[in-house]
Amino acid sequence: MKTPVKATLIAVAAAIVLAIVGIAYAMSQRAAEPAPPEGEKLQTVRTDSHVLDEGGTDAVTVVEFLDFECEACGAFYPIVEDLREQYSGDITYVVRYFPLPGHINSTQAALAAEAAAQQDRFEDVYHRLFETQSQWGEQPKETPEVFRGFAADLGLDMAAYDAAVADPATLARVQADKSDGEALGVRSTPSFFIDGEPVVLEAWGDLEAAIEKAVNEKAVNG
């Protein structure tokens, strides 16, 4: 092998080794995921969280972090509605925002829901967004006028709706939910927590099984 070629190969190999070492070092210096103090759980519900069903002090608390544009969330929507009816009185069902960056309209949909919440109409828009997801999801650009149309159809005060959507505090409220989700380790939607513990979803029936188990344990243990 000619010396110049050999020297070039050695230089390339050295560069690769240095790159691998650099990546390993960078990974080792990343901030660790937020963790609660020992013996304390991270917060899954806040005082301003949107409660769809209030089961009372003895109820099991189910929290869903969702993205209104997420197809998986849309697929879970009828399952969730059935479970809400089936376990009415036994569970407190809480919804929190987690708009994903890959979904163009996810933040706009969350803003619409939050604006409606300020008029005590969160659940009406929650239903409308999932029932119409196929109409506005996966668009190449944001379509806030579509969500404004939903608000008008539902009879919301449109001046108040427009003001809420434009208010930076409304976006901050959405982002606060997402920040809590990220601190809890949420990376995809839907993500569920039952009494503060994450639910591992591997099959469609896993959520129901987890709720049933928690409700039964609550009944036995009081």
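Judged by distance alone, the side chains of Glu54 and Tyr93 never bring a donor and an acceptor atom under 3.5 Å apart.
Between the NZ atom in Lys218 and the OG1 atom in Thr61 there is a gap of 7.0 Å [rounded to 0.5 Å]. Interatomic distance, Asp48 CG to Asp177 CG, rounded to the nearest 0.5 Å: 7.0 Å. Put simply, CZ on Arg173 and NZ on Lys178 are 14.5 Å apart, with the number rounded to the nearest 0.5 Å. Interatomic distance, Thr143 OG1 to Gln135 CD, rounded to the nearest 0.5 Å: 10.5 Å. To the nearest 0.5 Å, atoms CG (Leu171) and CD (Gln108) are separated by 9.0 Å. Here the NE2-OG1 distance, from His127 to Thr132, works out to 12.5 Å after rounding to the nearest 0.5 Å.
Side chains of Pro140 and Ile104 form no contact here, defined as non-hydrogen atoms less than 4.5 Å apart. Residues Ile211 and Ile91 have side chains in contact (heavy-atom distance under 4.5 Å, counting atoms from C-beta outward). Two residues are said to be in side-chain contact when any heavy atoms from C-beta on lie closer than 4.5 Å; Leu111 and Phe147 fail this criterion.
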Q: Walk me through it: do Tyr87 and Asp53 pass the test side-chain contact (heavy atoms from CB on, under 4.5 Å)?
A: CA-CA 10 Å; Tyr87 291 97; Asp53 300 306; over 6 Å; no
Q: Using the side-chain contact (heavy atoms from CB on, under 4.5 Å) rule, take Val95 and Tyr126 through it: C-alpha gap first, then chi angles, then the decisive distance, then the call.
A: CA-CA 9 Å; Val95 171; Tyr126 161 86; 4.1 Å; yes
(Q) Using the rule given for side-chain contact (heavy atoms from CB on, under 4.5 Å), can you reason through Gln86 versus Leu83, listing the C-alpha separation, both sets of side-chain angles and the distance that settles it, and then say yes or no? (A) CA-CA 5 Å; Gln86 181 179 346; Leu83 292 174; 3.9 Å; yes
**Q.** Residue pair Leu129, Trp136: steps toward the side-chain contact (heavy atoms from CB on, under 4.5 Å) verdict
**A.** CA-CA 9 Å; Leu129 289 171; Trp136 54 265; 4.1 Å; yes
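The distance between the ring centers of Phe76 and Phe192 falls below 6.0 angstrom. Ring pair Tyr161/Phe150: centre-to-centre distance not below 6.0 Å.
Distance alone, capped at 3.5 Å, places no donor-acceptor pair between the Arg84 side chain and the Thr92 backbone. Using a distance-only test at 3.5 Å, with no hydrogens or angles considered, a donor-acceptor pair links the side chain of Ser179 to the main chain of Gln175. No side-chain donor-acceptor contact under 3.5 Å links Glu142 to the backbone of Pro144. Between the side chain of Ser106 and the main chain of Leu100, a donor-acceptor pair closer than 3.5 Å is present. The main-chain N or O of Arg96 is never found under 3.5 Å from a side-chain atom of Glu64 such that the two would form a donor-acceptor pair. In this structure, Asn105 contributes its side chain and Gly137 its backbone to no donor-acceptor pair below 3.5 Å.
Among all heavy-atom pairs drawn from Ala113 and Val125, the shortest one is CA-CG1, 3.8 Å. Residues Ala164 and Gln118 come closest through the heavy atom pair CB-OE1, 3.5 Å. Contact between Asp195 and Ala59 at its shortest, heavy atoms only, is OD1-O, 4.4 Å. The two residues Ala160 and Gln119 make their nearest non-hydrogen contact at CB-NE2, 3.8 Å. Considering every non-hydrogen atom in both Ala214 and Ile194, the closest pair reads CB-CG2, 3.7 Å. Of all the heavy atoms in Thr170 and Ala115, the pair that sits closest is CG2-N, 4.4 Å.
Using a 4.0 Å cut-off between a side-chain N of Lys or Arg and a carboxylate O of Asp or Glu, Asp162 and Arg148 qualify as a salt bridge. For Arg46 and Asp180, the salt-bridge test passes: some basic side-chain N is under 4.0 Å from an acidic carboxylate O.
A single hydrophobic cluster is seen to contain both Val62 and Trp204, as judged by linkage of ILVMFWY side chains at heavy-atom distances under 4.5 Å, directly or through other members.
The number of heavy-atom neighbours closer than 6.0 Å to CD of Glu85, taken from other residues, nucleotides and ligands shown, is 12 or below.
Residues passing the side-chain contact (heavy atoms from CB on, under 4.5 Å) test with Thr44 are Val63, Leu184, Phe193, sequence neighbours excluded. Applying the side-chain contact (heavy atoms from CB on, under 4.5 Å) rule to Asp206 yields the partners Leu201, Glu202, Ala203; only residues at least two apart in sequence or on another chain are considered. Residues passing the ring-ring contact (aromatic ring centres under 6.0 Å, His included) test with Tyr97, sequence neighbours excluded: His50.
Classification of the Phe130-Phe68 ring pair by plane angle, with boundaries at 30° and 60°, yields tilted.
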